[in-house]
Structures are given as structure tokens and as C-alpha cells.
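For reference, positions follow the sequence shown, starting with 1.
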Amino acid sequence: MSNIVILCVDDETEVLHAVVRDLSSIEDVFPIEIAESAADAASLIEEIRNTGKYLAVIICDHLMPEKDGVCFLKELNEESGLMASRKILLTGQASHEDTIEAINEAHISCYIAKPWKSDELRRHVREQLSQFIVRSGIDPLPYMQALDPIIIGEAIRQKGILSDT
């Protein structure tokens, strides 16, 4: 397993298990951490950072008790070291205004509506992992089975080497 982590945040245990199930082929390469609240996620993020791992992708629900997903993702933008993390809002309850705020202020990379299609979720997560790898200058070769080969190939073609991205 790599030191590049995916974090899924949702207050519904069934949703967390469904996401992990749908991403099981990716989990062989990138470990998936789960949190049932923004507070739990914040603790996990601290652990991830303290162990020197990278938080590549955050998949977050919007409507959660105590702190909603958009607010949580906005706060993450203010933390150094997390700006490169790719953010996916996975929700069935966000209003039009919430979605605009998520894009403009939380800088989400992707929006996926619940219920999602498994192949769509895997495709989006692979794309976001690939973008993270390219933008972070990490060698993609050890992770290719879980990445989007088109994104990686295009980065190599355009830049020649990935560390210049």
C-alpha cells in the first residue's frame, strides 16, 4: 500500500461502506480512510499528516450533523499542505446555492450526486488521484493500475517529466 490516502466523510455508515466497496479495486493501491463526521475527519487528517502521508482525495457528503461538508471543505483550503488535495462532494441534498459555494469557495474538484453509479465514482476518483499525482510531482509508475492513463500520458507528453507540473 502507498502513502497516498483517500478519505471518505459521511455521517451514514451504509454510504461509507458502499463507497469503500465501489472503490475496492483502487483500495489495493491507495488506502481508504473513513470518517462519520467533520470532527472525525479532522482527527484522521491530522494523523495522516503526522505520519508523512499524502491526503490525495477527500470524498465528502454535504449534509452532516454539526458541520456540513461544504463548510468543512472550505476550512481545509485554509490549511497549508492540503491545497493540493482533490475534493469531491458526494451528496443528494445540496441546494443550487450550496453547490455554487462548494465550487467557488470550497474549490471542489468534482460533484457526484447520490445515488451514484459505481463506475462513475471509480472514474472520478481515478481522475482526481491522477490529477493529484501529476500536480504533486509524484512518480506515477507504482500506482498506474489505479490511475487514469490518459491524464498521466498527457502530463508526460506535455511536460516531459512530471516533477515540473
In terms of side-chain geometry, is the basic nitrogen of Asp11 or Lys67 positioned less than 4.0 Å from the acidic oxygen of its partner? no

Is it the case that atom OH in Tyr54 sees more than 12 heavy atoms from other parts of the structure closer than 6.0 Å? no

Residue pair Ser25 / Arg122: nearest heavy atoms and the distance that separates them: OG-CD, 3.8 Å

Does Arg21 offer a backbone N or O that forms a donor-acceptor pair with the side chain of Ser24 under 3.5 Å? yes

How close do Ala56 and Phe132 get, heavy atom to heavy atom, and via which atoms? CB-CD2, 3.5 Å

Looking only at heavy atoms, what is the nearest atom pair of Leu147 and Arg126, with distance? N-NH1, 3.9 Å

Is the backbone N or O of Val125 less than 3.5 Å from a side-chain atom of Arg86, with the two atoms forming a donor-acceptor pair by type? no

Go through the steps to decide whether Asp148 and Ser130 satisfy the test side chain to side chain donor-acceptor pair (under 3.5 Å), and finish with yes or no. CA-CA 6 Å; Asp148 183 312; Ser130 300; 5.5 Å; no

Do Ile6 and Glu33 have side chains that approach each other closer than 4.5 Å (heavy atoms only, starting at C-beta)? no

Taking all heavy atoms of Ile88 and all of Gln128, pick out the closest pair and write down the distance. CD1-CG, 3.9 Å

Return yes if some donor-acceptor pair links the side-chain N/O of Ser109 with the main-chain N/O of Lys87 below 3.5 Å, else return no. yes

Could you please spell out the steps behind the side-chain contact (heavy atoms from CB on, under 4.5 Å) verdict for Lys53 and Ile4? CA-CA 6 Å; Lys53 295 180 180 180; Ile4 301 172; over 6 Å; no

What's the separation between atom CH2 in Trp116 and atom OG1 in Thr91, rounded to the nearest 0.5 Å? 10.5 Å

Close side-chain approach of Glu47 to Leu44, heavy-atom, < 4.5 Å: yes

Worked check of side chain to side chain donor-acceptor pair (under 3.5 Å) between Thr13 and Glu36: CA-CA 7 Å; Thr13 305; Glu36 293 186 2; 2.8 Å; yes

So does Met64 get a backbone contact from the side chain of Asp68, meaning a donor-acceptor N/O pair under 3.5 Å? no

If you measure from the Lys or Arg side-chain nitrogens to the Asp or Glu carboxylate oxygens, is any gap between Arg49 and Glu46 under 4.0 Å? no

Apply side chain to side chain donor-acceptor pair (under 3.5 Å) to the pair Gln131 and Glu127, showing each step before the final yes or no. CA-CA 6 Å; Gln131 291 292 341; Glu127 288 171 355; over 6 Å; no

Could you check whether any side-chain heavy atom of Leu7 comes within less than 4.5 Å of a side-chain heavy atom of Ile32, counting everything from C-beta outward? no

How long is the span from the OG atom in Ser85 to the CD1 atom in Ile45, to the nearest 0.5 Å? 7.5 Å

CD (Glu66) and CZ (Phe72) are apart, to the nearest 0.5 Å, by 12.5 Å

Donor-acceptor under 3.5 Å (Ser2 side chain, Val29 main chain): yes

Report yes if the side chains of Tyr111 and Leu90 come closer than 4.5 Å at any heavy-atom pair, otherwise no. no

To the nearest 0.5 angstrom, please state how far the CD1 atom of Ile59 sits from the CG atom of Asp10. 10.5 Å

Nearest heavy-atom pair of Val9 and Ala41: which atoms, and what distance? CG2-CB, 3.6 Å

Ignoring hydrogens and geometry, is there a side-chain-to-backbone donor-acceptor pair from Arg135 to Ala84 under 3.5 Å? no

Roughly how far, to the nearest 0.5 Å, is the SG atom of Cys60 from the CD1 atom of Ile108? 10.5 Å

On a heavy-atom basis, the closest approach of Phe30 and Ala146 is CE1-CB, 3.6 Å

side-chain contact (heavy atoms from CB on, under 4.5 Å) between Ile34 and Val19: does it pass, once the steps are laid out? CA-CA 10 Å; Ile34 59 173; Val19 169; over 6 Å; no

Check for me, please, whether Leu141 and Ile151 land in the same ILVMFWY cluster - side-chain distances under 4.5 Å, paths through other members count. yes

Go through Ser37 and Asp40 one step at a time and tell me if the side-chain contact (heavy atoms from CB on, under 4.5 Å) criterion holds. CA-CA 5 Å; Ser37 69; Asp40 289 346; 3.3 Å; yes

Leu76 vs Ile58, side-chain contact (heavy atoms from CB on, under 4.5 Å): CA-CA, chis, key distance, verdict: CA-CA 10 Å; Leu76 292 182; Ile58 304 160; 3.4 Å; yes

In Å and rounded to the nearest 0.5 Å, what is the CD to CG distance from Glu27 to Asp22? 12.0 Å

